[in-house]
Amino acid sequence: MNPLQARDLVIDIPGRDDGEALNFIIQPGQIWGVLGPNGAGKTTLLHTLAGLREPRAGEVCLGEHRLMELKRKRISQQLGLVFQERQDGFPATVLETALIGRHPWLSPWQMETGNDEEIARRSLEQLDVAHLSDRMVNTLSGGERQRVAIATVLAQAPDTWLLDEPTNHLDLHHQVSVLQLLTEQAGAGNSVFMCLHDLNLAARWCDHLLLLYPNGEVCWGPAERMLAPVALERLYGQELLTVEVDGAPVFVPRKVW
Ligand SMILES: Nc1ncnc2c1ncn2[C@@H]1O[C@H](COP(=O)(O)OP(=O)(O)OP(=O)(O)O)[C@@H](O)[C@H]1O
């Protein structure tokens, strides 16, 4: 696989000074979590890594190639993106939506094959939404729609998964199922890079963390090194209590009486 890399990358947040430059490689098998308060720039970073936004400086590379030099089709065979906001531009059923994940693998004007449909149906089953295959996506609940979006990227079969708050709208069981699925993807040699608001899910499932501060300060590295309570309290402007469960830290906001 061609790992996704940020090389001297400065994301472009309108009206804000340049932040620190980012230099990292998302290696096969790694699961990265991006943490930061509202407005810190997590979505902007994700969209810049996906090639949907121009960086202010530096570049994003897939292997040795600059993303901007690659054809969109080649990028979409390697990078999958789960958006924070759903983009249901036209009416479609759940199965038709999952089949969109197969488009990077089709020639222009080629129809999906039986094999594509089988892959799409299997992806819907894995996300526990196969029973909704014939429903219009705009009639689904928030959590069902989120799982269809993840199933669509699963059908796409990218090497690198970029996800913007993938556990949004999901109940606890489905949050765990999705994180387990992403762990399996990493176990198969793919890589995962996701924005998360839940510090404890990040602490439990991510092996690397990137902390994005609203002033443009940034730090990244192995999760155990990044999970320093002092750094996290400063990140969120929130006092935390730390306990250990199953050998991993669990962070709880300190209640002010
Ligand atoms: N097109 C735009 N024009 C002006 N400001 C923008 C634009 N897009 C994003 N911003 C601003 O850039 C900042 C970073 O936004 P971004 O969506 O990346 O934050 P985030 O960390 O993902 O936030 P959240 O946790 O709320 O999802 C915000 O202050 C946002 O208002």
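Residue indices begin at 1 and follow the sequence shown. Just follow the structure's listing: the first ligand is 1, and inside any ligand the first atom is 1. What you see below is based on every heavy atom in this structure, not just the backbone, and it leaves out hydrogens, waters and symmetry mates.
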Problem - Geometric class of the His47/Phe83 ring pair [parallel <30°, tilted 30-60°, perpendicular >60°] - result: perpendicular

Practice task
Salt-bridge test for Asp12 and Arg53: reply yes if a basic N is under 4.0 Å from a carboxylate O, no otherwise.
Solution key: no

Completion exercise
Less than 4.0 Å from some atom of ligand 1, heavy atoms are found in residues Ile13, Pro14, Arg16, Pro37, Asn38, Gly39, Ala40, Gly41, Lys42, Thr43, Thr44, Arg53, Gln84, Glu165, His197

Exercise for the section: Quick one: which residue pairs count as a side chain to side chain donor-acceptor pair (under 3.5 Å) with a foot in residues 184-201, not counting sequence neighbours? Expected result: Thr160-Ser191, Trp161-Gln185, Glu165-His197, Gln185-Asn190

Exercise for the section: Taking ring-ring contact (aromatic ring centres under 6.0 Å, His included) as the test, write out the residues that go with His169, two or more places apart. Expected result: none

Completion exercise
Quick note, salt bridge (charged side-chain N to carboxylate O under 4.0 Å, His left out) partners involving residues 38-49, not counting sequence neighbours, are none

Handout entry: Pair Phe193 and Phe24, ring centroids less than 6.0 Å apart
Key = yes

